[in-house]
Each structure stands twice: as structure tokens, then as C-alpha cells.
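Step one of this worksheet: look at the structure below.
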Number of protein chains: 4
Amino acid sequence: MSSSAAPPSVRRVASERIVLPDAMATPDTRGRILEAALGLFAERGYAGTSIRDIAGAVGIQSATLYGHFPSKEHILAELAQAGHEAHRRRLADAMAGAGADPVDQLAALVRAHVLFHTEFAMLAIVANAELEALSPELVAGSIRPRSETERLFTGTIDRGIELGRFSTPDAWLAAAAIGGMGLRVASWFGPGARMTADAVADTYVEFALRILGASR
Amino acid sequence: MSSSAAPPSVRRVASERIVLPDAMATPDTRGRILEAALGLFAERGYAGTSIRDIAGAVGIQSATLYGHFPSKEHILAELAQAGHEAHRRRLADAMAGAGADPVDQLAALVRAHVLFHTEFAMLAIVANAELEALSPELVAGSIRPRSETERLFTGTIDRGIELGRFSTPDAWLAAAAIGGMGLRVASWFGPGARMTADAVADTYVEFALRILGASR
Amino acid sequence: MSSSAAPPSVRRVASERIVLPDAMATPDTRGRILEAALGLFAERGYAGTSIRDIAGAVGIQSATLYGHFPSKEHILAELAQAGHEAHRRRLADAMAGAGADPVDQLAALVRAHVLFHTEFAMLAIVANAELEALSPELVAGSIRPRSETERLFTGTIDRGIELGRFSTPDAWLAAAAIGGMGLRVASWFGPGARMTADAVADTYVEFALRILGASR
Amino acid sequence: MSSSAAPPSVRRVASERIVLPDAMATPDTRGRILEAALGLFAERGYAGTSIRDIAGAVGIQSATLYGHFPSKEHILAELAQAGHEAHRRRLADAMAGAGADPVDQLAALVRAHVLFHTEFAMLAIVANAELEALSPELVAGSIRPRSETERLFTGTIDRGIELGRFSTPDAWLAAAAIGGMGLRVASWFGPGARMTADAVADTYVEFALRILGASR
DNA sequence: AATGAATGAGAGTTCATTCAT
DNA sequence: CATGAATGAACTCTCATTCAT
């Protein structure tokens with residue numbers, strides 16, 4: 001079903017760099033399994049990747065995988081949770097360093113959001129597109145940080161509106177739009193992009209502030 | 001690999017309506033296969049759906065499928081092409097009825113773009129998320145209309161900039177952002193949404209015009 | 001784990017004839033699967049027999065098995081149920097043709113019991129030794145006829161005692177002893193036996209009546 | 001294949017006590033391996049038990065097993081041989097203390113036979129039901145004591161017939177029946193039994209003497 | 001147009017066993 | 001003595017697909 005070697009003519013992710021959060025990026029077998037799985041899941045999807053594909057990419061037997069993870073699903077769960085957790089932490093750190101002005105905060109959030117999706121493009125794709133393959137128990141670890149991340153966005157926008165710094169037809173829709181446009185960056189940003197990640201982030205911050213009618 | 005009956009805790013698409021373009025939505029077996037496949041591909045992904053799953057949803061034997069389609073891949077190819085083609089046509093029709101002003105044109109495009117993603121949510125998800133599973137020959141039919149759709153957006157934006165109606169840091173990025181936020185609507189818009197598709201479309205038009213700094 | 005070709009030095013069953021109840025002994029693929037499975041389960045046990053062993057003995061691919069049975073366990077369940085059901089029917093028929101005297105009835109039961117274990121030695125071994133491998137749902141079909149068979153024995157013995165025809169220290173133990181000695185016949189009766197099945201049956205009837213202290 | 005945790009609805013052995021012959025029941029790792037293996041083999045069978053199941057029950061790694069036994073098969077071989085050897089010794093000791101009368105000797109043999117199957121139920125099940133899993137070299141250690149045990153029974157019966165103390169249609173069949181009914185005790189005797197092991201033994205002695213038409 | 005039976009390949013997972021530490 | 005990591009083979013079962021009917 002999977003495993004076909006022919007290069008797909010349409011890619012799910014333009015980036016070619018497999019980037020794991022620091023804590024996971026260990027040089028031991030476990031880390032190499034996560035790395036290989038991330039690259040394959042991002043390229044072919046979870047269901048389209050076999051346990052033997054992963055093992056082959058690592059250079060081990062498929063049975064060896066089971067000494068490190070109890071199932072294929074657990075590998076995905078760990079990647080997805082790490083992705084959502086790293087995303088959450090990035091945004092939380094950005095907020096923490098942004099002062100009290102909702103405009104500054106929102107700008108910092110969008111910047112962090114976009115940069116995360118350029119830097120961890122594969123992780124973002126996998127964490128978002130493959131969650132439905134996880135059982136309720138295993139998906140919980142991803143849902144938690146994801147919900148908190150959403151609250152960071154909506155909370156900041158709500159506060160900005162209360163303080164009269166934002167003016168937008170619908171706060172929730174604005175959050176959805178800003179989130180959605182940033183998420184999409186993970187699909188197309190890659191080595192062929194004509195601009196740096198920083199430039200993309202700066203521009204998306206401008207877009208977001210315009211969507212929110214920010215008064216500066 | 002697929003076939004699990006337990007309700008997934010995270011859905012790929014909030015909509016529960018399986019909607020095919022009119023031309024495909026025939027009551028014969030062929031149409032019912034496409035309908036069933038669309039629902040399953042949207043829910044579990046192409047690789048996560050078996051030919052038996054589709055046949056089971058239609059109420060036929062899997063062998064019967066091969067009297068209507070030469071392969072599983074051809075079913076996806078037909079759905080993807082129809083999705084991209086219907087999308088292109090919607091945008092082209094919107095343009096055609098929008099007069100000569102790039103602001104009006106862009107508004108019409110965004111409106112049509114968003115409405116398409118609310119109305120054909122499953123088709124949009126499948127056509128966008130599963131393209132990489134298609135071989136180069138079969139993906140071509142989807143690439144063509146998709147490219148034309150992109151040109152509608154970028155062409156209109158470029159013209160608006162030339163005419164001084166738009167003011168935006170980066171035309172391509174603006175198109176990517178507007179496209180991305182609209183695409184994402186297909187994931188969350190559904191029966192639980194607190195607003196009508198029209199209201200979403202109106203608001204996203206406003207967002208898009210803000211992103212473009214449209215002078216009205 | 002299984003599949004080793006070396007002939008075991010100790011056999012679970014001396015008989016070399018694979019005998020299915022008439023209703024199952026069809027010449028189609030389904031019947032041939034049951035026949036092959038019976039022979040292998042009797043020889044190597046259920047857990048010691050692989051699905052490929054069975055398929056190989058039939059001369060088909062292992063995948064083909066799944067067109068006829070939903071799982072390996074279902075094959076065992078069908079064999080076990082058929083074994084217990086055939087056993088029950090043999091004893092019930094014997095009772096029906098035995099008149100009203102508990103002595104005659106018990107003699108008929110033991111005769112049928114022993115003859116069943118000589119004729120269907122493999123089925124008896126499998127139905128008795130491998131029941132614990134079946135899940136609660138699948139084992140139910142075997143438990144039912146087995147319980148009824150037990151009642152035939154204990155009921156007849158109890159009635160014989162009431163009527164003063166039997167005299168035995170413990171009715172339940174007598175039933176267990178008579179059942180156990182007959183069951184064991186399936187293990188050793190085979191082509192090398194120095195006596196006919198009929199002769200064994202006659203002798204075991206005599207043993208049983210002695211155990212019961214039958215007054216003749 | 002094994003390892004399922006759901007309680008089986010049909011048990012191979014009613015007893016819940018794992019009892020090893022004194023010489024094997026050491027508190028060191030080797031003894032604990034034998035103990036765990038006995039319990040698992042009795043419950044799920046040899047082929048249905050994995051080396052990891054045994055290690056898990058002991059609380060060690062499966063690799064550690066290989067410091068004590070050269071293979072899984074050797075564990076079974078040791079248990080089986082110990083079972084047959086203990087059985088043989090019990091019967092031999094019984095004979096030694098029984099005087100010269102074949103009736104007394106046979107009674108002592110049956111008593112010992114039954115008591116062994118109540119006391120060492122698991123060992124008896126394993127030693128009898130799993131012999132066919134052993135290679136010719138490893139099975140030899142079990143065959144030897146088993147043959148001698150058989151000779152104790154048949155020799156005593158033959159002598160009793162010669163001396164006119166027994167009167168039975170077929171000596172060999174009588175031995176098979178007596179052996180078979182005792183063997184079966186290991187399957188059903190357990191904590192739920194409504195009688196003591198002694199009572200069972202006494203009754204089975206009576207049954208055996210009746211089968212043999214013993215003149216007392 | 002539809003089917004039931006069959007297939008070869010491959011899915012995820014477990015097997016008994018080895019070995020360096 | 002015990003382990004954690006690794007292995008190659010085998011496990012049950014599902015895959016997309018074919019074909020005669």
C-alpha cells in the first residue's frame with residue numbers, strides 16, 4: 001500500500017529538514033526512530049507509512065522498534081504530543097516576553113506561531129494532520145497543550161478588544177483565520193522559499209494586526 | 001489498519017455532510033461509490049481507507065468496485081480533480097460576476113473560496129490533503145485547475161496593487177495567507193458552528209481586504 | 001515455533017484417520033480447511049499450528065482461509081462444537097434405542113461413548129484439549145452440548161441408583177471415572193490396536209457396569 | 001498468540017496450586033522459573049506460553065532465563081521428566097509398602113496414582129499433554145519412568161490374574177481404563193471439589209478393584 | 001452489473017534466542 | 001547473575017486486485 005519509491009509529484013511539506021524538539025533529538029536508537037518516523041509521517045502520512053519503512057530508514061529490524069515503543073501508534077502519539085507541547089511552549093515564552101500591551105502580545109504570538117511552523121514544519125504537519133489516527137487515550141496528551149495554545153490566542157484577542165486596541169467583526173473567527181494562515185506556512189515554507197522565515201513572520205504579524213484592526 | 005469502529009476523538013472534518021459536485025452525485029452505483037469514498041477518505045484519509053471499507057459503505061462487494069473504477073487510486077483521482085475543478089469554477093464564476101474593480105473581484109473570490117470550503121468541506125479536505133498519494137499521471141488533472149485558481153487570486157491581487165487599490169507588504173504572501181485561512185474553514189465548519197456560512201464568508205472577505213489594505 | 005517437520009516421538013493421538021462428522025466433511029475448500037485443521041490441531045495442538053500450516057496442508061494461500069473463516073479461533077470453535085455436538089447426538093441416539101432399564105441405558109451410553117472416541121479420535125482430542133483456547137463467546141457453542149452429554153450420564157446413573165439397579169460409593173465419581181476412561185481411548189486407539197473398536201466398547205461397558213455394581 | 005489476560009471460560013486444570021516435586025522447589029531463580037513455567041504450561045499449554053510470559057511471571061528479563069536453561073524446550077523437558085519420575089517413585093514406594101497380595105498392591109498403586117494426580121495436578125497435565133512438543137532426545141527422560149510406571153500396573157494385574165485374584169475380560173484394557181480414569185482426576189480436582197483427595201482415592205481404589213473383579 | 005473465491009504481498013506484532021555489558 | 005538491545009523468522013490478519021461465473 002505504501003512503500004512505493006516513485007517520488008510524489010505533490011508534497012505534503014516543502015521542507016526537507018527533519019527537526020525534532022531538542023529533548024527528543026537524541027542520537028540513540030530511540031531518537032533515530034522518532035526522527036525517521038517524523039520524516040516519513042510528514043511525507044506519506046501515518047497510515048501510508050509502514051513499521052518496516054521506519055525501521056528501514058533507521059537501519060534496524062522492525063522488531064527492534066518494539067523494544068523502544070509498544071506500538072506504531074505510540075510513536076505517532078509521542079511526536080504529536082511533542083509537537084503540540086513545543087508549539088505551546090514557544091507561544092507561552094513569546095507571551096511572557098512581550099509586555100502588557102495586547103498588540104505587542106499578539107504580535108509576539110503570531111511571530112512565534114509562524115516561526116514554529118517554518119522551523120518545525122514536519123512536526124506541525126504531523127501533529128495536526130494525523131491526530132485522528134490516535135485512540136482517545138493516546139490523543140489526550142496532544143489535546144491538552146493544543147487547547148492551552150488556543151486560549152493564548154483567543155485570550156489575547158479578547159483582552160485587546162476589551163481594551164479597545166482591537167476592532168474586528170468576530171474575535172473567534174479572527175483567531176481561526178490567524179491560526180489557519182500560520183498553520184498553512186508549514187506546507188509551503190521550505191528551501192525553495194523566496195524569503196526568510198523572519199520575513200514571513202514579520203509580514204504575517206502585519207496581516208494579523210490588520211485583521212484585528214489594531215490601533216498602533 | 002483501518003476499519004476501527006470506535007469514534008475518533010479528533011476529527012479531520014467537522015462537517016457530517018457528504019457533498020459531491022452535481023455532475024458526480026448520481027444515484028447509480030458509480031455515484032454511490034464516489035460518495036462513500038469521499039466520506040471515508042475525509043474521515044480516515046486515503047491510506048487509512050480500504051477498498052473493502054468503501055464497498056461495505058455502498059453495500060456491494062469490493063470486486064464490484066473494479067467494474068466502475070480501474071483502481072482505488074482512480075477513485076481518489078476523480079474526487080480530487082472534481083474538487084479542484086469545482087473550486088476553480090466557483091471562483092471563475094465569482095470573478096465573472098464581479099465587475100472590473102479588483103476590490104470587488106477579490107471580495108467575490110474570497111466569498112466564493114470560503115463558501116466552497118463550507119459547502120464542500122469533505123471534498124476540499126480530500127482534494128488538498130491526499131494529493132500526494134496520487135501518481136504523477138493521475139495528479140495532473142488536479143494540478144491544472146488548482147494552478148488556475150491560484151492565478152485568479154494572485155492575478156487579482158497583482159492588478160489591485162498596480163491600480164493602487166491594494167497596499168500589502170508582499171503580494172504572494174497575502175495570497176498564501178488568504179488562501180490558507182479559507183482552506184482551514186473546511187476543517188472546523190460544521191453543524192456545531194455558531195454562525196452561518198454566509199457570515200463566515202462576509203467576515204473573511206473583510207479580513208482579506210484588511211490584509212490587502214484595500215481602499216474602499 | 002511450530003512447523004517443524006521432525007516426527008514427534010510421542011503422539012497426542014494414535015489414530016491416523018482424520019474423520020469429520022458427515023455434515024462438515026464437504027469436498028469444497030471450506031471442508032478441506034476443517035479437515036486439515038483437525039489433523040494438525042490433533043497432532044500439534046491449536047497454539048502449535050499456524051494458519052500457514054493449515055493453508056499449506058490444503059494447498060491454498062493463508063489469505064484464502066479468511067474468505068471461509070473470520071479467524072483461526074473460529075476454525076477451532078467450529079471443530080470443537082461439531083465434536084461435542086456429534087458426541088451428544090451419539091449418546092442421545094443410544095439412549096433413545098436402549099429401552100427403559102438404566103442398566104441397558106448405561107451400557108448403550110458407554111458403548112456409544114467409547115465408539116465415538118475410537119471413530120472420531122482426533123475430533124475428541126481437539127474438542128477436549130483445546131477448549132481453553134477459545135474466547136467465552138466462541139466456547140459457548142461447545143459448552144452447551146457438553147453439559148447435556150454429562151447430564152445423560154449422571155441422570156442415568158442417578159436413576160439406576162434410585163431403582164436399586166446400581167450400587168456405587170459415589171455417583172458423581174463413578175460418572176467421572178467412566179467418562180475419563182472412555183475419553184482416554186481417543187489417545188491410544190489406532191491402527192496398531194490389538195483389538196477392534198467393538199471389542200473395546202464391549203469391555204468398557206463391562207467395566208462401567210462393574211464400577212456401578214450393576215445387578216443384572 | 002498467548003498473553004491474553006481475559007479469564008478463560010474453560011480451564012485445563014481446576015487446581016490453582018503450582019506444586020513442584022520437593023527437589024525442584026528451590027527458592028532460587030531456577031526454581032522460580034520452573035514454578036512459573038509449570039503454572040503457565042498447565043494453563044495455556046506449552047506452545048501457548050511464551051518465554052516472555054514465564055520471565056514476566058518470575059519478574060526477570062527473558063534473557064535471564066537463558067542463564068538457567070538452554071532453551072524453552074529444556075524447561076518443559078525438565079518439568080515433564082520430573083513429573084513422570086515423581087509419579088514413578090510414588091507408585092514404586094506404594095508397591096514397596098503393600099505386601100505380597102496383588103489386591104493390596106493394586107489398591108496401593110491406584111491410591112498413589114490418584115493422590116499424585118490430585119497433589120501434582122498441574123505437573124501431571126503438563127507431563128502428559130505436552131510430551132509431543134519435545135524432541136526425541138529430550139523426551140527420552142520422560143519415556144523411561146513412564147514405561148516403568150506402566151509396567152508396575154500391568155505387572156501387578158497380570159500377577160493377580162495368574163494367582164486367580166483378578167478376573168477381568170482384558171488385562172491391558174483394564175490397566176488402560178484404570179490409568180485413564182486416574183489421569184483425568186488432574187483435570188477436575190481442585191479447590192471446588194466436594195470431596196477430599198483421600199475420599200477420591202478410596203473410591204477409585206474400589207472402582208479399580210471392581211473393574212478387575214478382585215476377590216477379597 | 002455483480003459476485004465469491006482466490007491470490008501474492010505486505011500490514012503490525014511477537015517469537016525464541018544471542019550478545020556485549 | 002542479570003540485563004537491555006538487537007535480531008531474523010514467524011505470527012495472525014488485511015491489503016488491492018483478478019477472474020471465472
Side-chain angles (χ1 to χ4, degrees), chain A residues 1-4 28-30 33 46-55 58-75, chain B residues 1-3 28-30 33 47-55 58-75, chain C residues 1-4 28-30 33 47-55 58-75, chain D residues 1-4 28-30 33 47-55 58-75:
Chain A
M1 168 183 293
S2 58
S3 315
S4 89
D28 58 8
T29 302
R30 186 184 161 83
I33 290 170
Y46 173 74
T49 301
S50 83
I51 218 80
R52 281 180 176 79
D53 290 336
I54 302 171
V58 177
I60 56 176
Q61 293 291 117
S62 67
T64 304
L65 278 170
Y66 289 87
H68 299 273
F69 297 91
S71 77
K72 182 188 171 191
E73 198 187 345
H74 280 80
I75 303 180
Chain B
M1 170 182 292
S2 59
S3 313
D28 59 6
T29 301
R30 184 183 164 84
I33 291 170
T49 301
S50 82
I51 218 79
R52 275 179 172 83
D53 291 334
I54 302 171
V58 176
I60 57 176
Q61 293 299 116
S62 64
T64 305
L65 279 170
Y66 289 86
H68 300 273
F69 296 91
S71 78
K72 181 188 172 191
E73 199 187 346
H74 280 80
I75 303 179
Chain C
M1 170 183 295
S2 60
S3 312
S4 90
D28 57 8
T29 302
R30 185 184 162 83
I33 290 170
T49 302
S50 83
I51 219 78
R52 279 181 177 83
D53 290 335
I54 302 171
V58 178
I60 57 175
Q61 293 291 118
S62 66
T64 303
L65 276 171
Y66 288 87
H68 299 273
F69 297 91
S71 76
K72 180 188 171 190
E73 198 186 346
H74 279 81
I75 303 179
Chain D
M1 170 182 293
S2 59
S3 314
S4 93
D28 59 6
T29 302
R30 184 182 164 85
I33 291 170
T49 301
S50 81
I51 218 81
R52 275 179 170 81
D53 290 335
I54 302 171
V58 176
I60 57 175
Q61 292 300 117
S62 63
T64 305
L65 279 170
Y66 289 86
H68 299 271
F69 296 92
S71 78
K72 181 188 171 190
E73 199 186 344
H74 280 81
I75 303 178

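Excluded from the calculations below are hydrogen atoms, water molecules and symmetry mates; all remaining heavy atoms, backbone and side chain alike, are included. Each chain gets a letter, A, B and so on, in the order the sequences are listed, and its residues count up from 1.
Within the shown strands, nothing qualifies as a pairing partner of E:dA1 under the Watson-Crick or G-U definition with both distances less than 3.5 Å. With a cut-off of 3.5 Å on both Watson-Crick or G-U wobble distances, the partner of F:dA9 is given as E:dT14.
Distance B:Ile54 CD1 to F:dC15 P: 11 Å, rounded to the nearest Å. The CG atom of C:Asp53 sits 17 Å away from the P atom of F:dA9 (whole-angstrom rounding). The distance between atom CG of B:Leu65 and atom C1' of E:dG4, rounded to the nearest whole Å, is 15 Å. In this structure, D:Ile51 atom CD1 and E:dT14 atom C1' are separated by 13 Å, rounded to whole Å. Across the protein-nucleic acid pair, D:Ile75 atom CD1 and E:dT17 atom C1' stand 12 Å apart, rounded to whole Å. Rounding to whole angstrom units, CD1 of residue C:Ile33 and C1' of E:dG4 are separated by 14 Å. Per the geometry, CD1 belonging to A:Ile60 stands 14 Å off P belonging to E:dG12, to the nearest Å. Atom CZ in A:Phe69 sits roughly 15 Å away from atom C1' in F:dG4 (whole-Å rounding).
To the nearest 0.5 angstrom, A:Ile54 atom CD1 is 9.5 Å from A:Ile60 atom CD1.
Side-chain nitrogen and oxygen atoms of B:Thr29 include none within less than 4.0 Å of the OP1 or OP2 phosphate oxygen of E:dA1. Distances shorter than 4.0 Å separate none of the side-chain N or O atoms of C:Ser50 from OP1 or OP2 on F:dA10.
If you check every strand for non-hydrogen atoms under 4.0 Å, C:Gln61 touches a base.
Comparing F:dC15, E:dG12, F:dG8 by their closest approach to the side chain of A:Ala63 singles out F:dG8.
Closest heavy-atom contact between C:Ala47 and D:Gly48: CB-N, 3.7 Å. Among all heavy-atom pairs drawn from A:Arg30 and A:His68, the shortest one is NH1-O, 3.2 Å.
Proximity of A:Leu65 to A:Val58: side-chain heavy atoms (C-beta onward) are nowhere separated by under 4.5 Å.
Mapping A:His68 and C:Tyr66 onto DNA chain F by nearest heavy atom places A:His68 at the nucleotide closer to the 5' end. Mapping C:Thr64 and D:Ser62 onto DNA chain F by nearest heavy atom places D:Ser62 at the nucleotide closer to the 5' end. Of the two residues contacting DNA chain E, namely C:Gly59 and A:Glu73, the nearest-nucleotide position lying further toward the 5' end is that of C:Gly59.
Evaluation of atom-type donor-acceptor distances gives a pair under 3.5 Å for the side chain of A:Arg52 against the base of E:dG12.
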